[in-house]
2 protein chains.
Amino acid sequence: MAGKALPEPTLHRLPVYLQHLKRLSLRGIVVVSCSTLSRDLGLDSSQIRKDLEVTGTVGKPKVGFPVPALIGAIEHFLGWDKVKNAVLAGAEGLGPALLGLKEFAHYGLRIVGVFDADERLIGADLHGFEVRPLGFLPGIARSASARVGIITLPAHLAQSAADLMVSAGVRAIWNLAPIPVRVPAGVFVENRDFYFPLAALSCRLERQEVEAK
Amino acid sequence: MAGKALPEPTLHRLPVYLQHLKRLSLRGIVVVSCSTLSRDLGLDSSQIRKDLEVTGTVGKPKVGFPVPALIGAIEHFLGWDKVKNAVLAGAEGLGPALLGLKEFAHYGLRIVGVFDADERLIGADLHGFEVRPLGFLPGIARSASARVGIITLPAHLAQSAADLMVSAGVRAIWNLAPIPVRVPAGVFVENRDFYFPLAALSCRLERQEVEAK
DNA sequence: CCTGATTCAGGATATATTTCCCGATTAAGG
DNA sequence: CCTTAATCGGGAAATATATCCTGAATCAGG
């Protein structure tokens, strides 16, 4: 009954489908076929069908999938339909930018506290949040039952912030610091420097990648 | 003579190695073995060895790889050692945040112009750049021979910005808008909404992913 | 100089993911 | 009601990626 092997790449494509389906929905479209999605998004239609399969939504031959049901199913599958409390470590650089965009709610996250180690930042107001010392993180995270942590600190502070989070019961960490953090088994971590997608572009540009496959 | 099939995942891991090697280098370490890297980064050592192979660097049995040579080889392979001019479309949200971090230079990029469609933003100063109308993008991109474009605009403007970039000779686009853009063959595009890594975390958190494999 | 332990290099195997394919189902039109 | 064309569902084949394994090279120590 639990989901079978869930391919990583599928997980990364689901949000793409979700965004597009929401746009279709706004235009009043209520059913969509994999072939149409394939044309719109430039992905193989079989792949799309298999990806959508994990959400449990069934389509009708000759018609396609019901758009509203698909949107709901993907959001539910990703857990974006349930609010999860989160703590943010890092009040400089990317952190404030993320807060300012006020997009977290769309992804099921509610920030309950912002923390930093730099004394000059403590007490500052960041889009409505008061920046507090890192040492306060565990207490606040625990009392709010925060299960998600986001790290946008410089490299040398990332690991200790992760440790604090884990100690406070955080079970999933989105680490945007330019260094991987290690966590105990049972805690999920996405070590993903912001700029890495540039690698692919730059590299391909450099070597002109002859085959346009 | 040209590089063989270059696995995508390898491309994404190279920057991780690069960061770590730079840290090792700062600590005065001049050789490192794949087994050591494996312990540090939590990746399989065979995988690391195969990844590093694409850079052409050779290691010594019983010793490992020369750190400085490896750093240079990866930077060269990724094209981060050569400055490429780039245009930024989007003066709100992520765009300014990226500019403010002043990290682009590390990745071989020099921003030569910032553009937006919102009239209220035109003329504003953004970390030393004057925001100009999107219509000016092609001229400036062309005269600076910008080969890279970065899009941080809202969804409804992303495609037109991409088109402008392509028309001006941009050959690689890093699209951070929440919608994929389509480009002609021969142009590389990374459609990557900033928040997508959250999908993996949230989803796994939600379904508790039993197997800790 | 010889022995043992470590690591590279690269082929072989296993696993994961994508692509292909075909039978079954549905809607539209004659 | 029957035919046609589009699409789903899911298994099979192909491809891509990761892991395992072996032999050769190198260094340290006796």
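Protein chains get the first letters and strands the later ones, always in sequence-line order, with residue 1 at the start of each.
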Any side-chain donor-acceptor pair under 3.5 Å between A:Q159 and A:D163?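 A donor-acceptor contact under 3.5 Å links the two side chains.
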Return yes if a side-chain donor-acceptor contact under 3.5 Å exists between B:S202 and A:K84, otherwise no.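 Their side chains do contain a donor-acceptor pair, which is all the 3.5 Å distance test asks for.
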Contact under 4.0 Å: [X] side-chain N or O vs [N] OP1/OP2:
X	N	value
A:Q47	C:dT17	no
B:K60	C:dT7	no
B:R49	C:dC8	yes

For B:I48 and C:dC8, give me the distance from atom CD1 to atom C1', rounded to whole Å.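 Whole-Å distance recorded here is 13 Å.
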Base, sugar-phosphate, or nothing for B:S46, non-hydrogen atoms under 4.0 angstrom?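 Counting heavy atoms under 4.0 Å across all strands, the contact made by B:S46 includes a base.
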If you look at every strand shown and take non-hydrogen atoms under 4.0 Å, does A:S35 touch a base, only sugar-phosphate, or nothing?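 It contacts sugar-phosphate atoms only.
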Determine the interplanar angle of the B:Y107 and A:Y195 rings, folded into 0 to 90°, and report it as parallel if under 30°, tilted if 30 to 60°, perpendicular if over 60°.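 The arrangement is parallel - the two ring planes meet at less than 30°.
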Matching residue for B:I173 among B:V87, B:I150, B:V148, B:V166 - test: side chain to side chain contact (heavy atoms under 4.5 Å, CB included):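 Among B:V87, B:I150, B:V148, B:V166, the one meeting side chain to side chain contact (heavy atoms under 4.5 Å, CB included) with B:I173 is B:V166.
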Suppose we call a contact any N or O donor and acceptor under 3.5 Å apart; does that hold for the side chain of A:K50 and the base of D:dG11?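 By the distance-only test, yes, there is a pair.
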B:F65 side-chain proximity, nearest of C:dT25, D:dT19, C:dC8: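 For the B:F65 side chain, the nearest candidate turns out to be C:dC8.
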Among D:dT17, C:dG10, D:dA25, which nucleotide sits nearest the side chain of B:E53?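 Output: C:dG10.
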A:R13 or A:V63: which one's nearest nucleotide on DNA chain C is closer to the 5' end?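 Final value for this comparison: A:R13.
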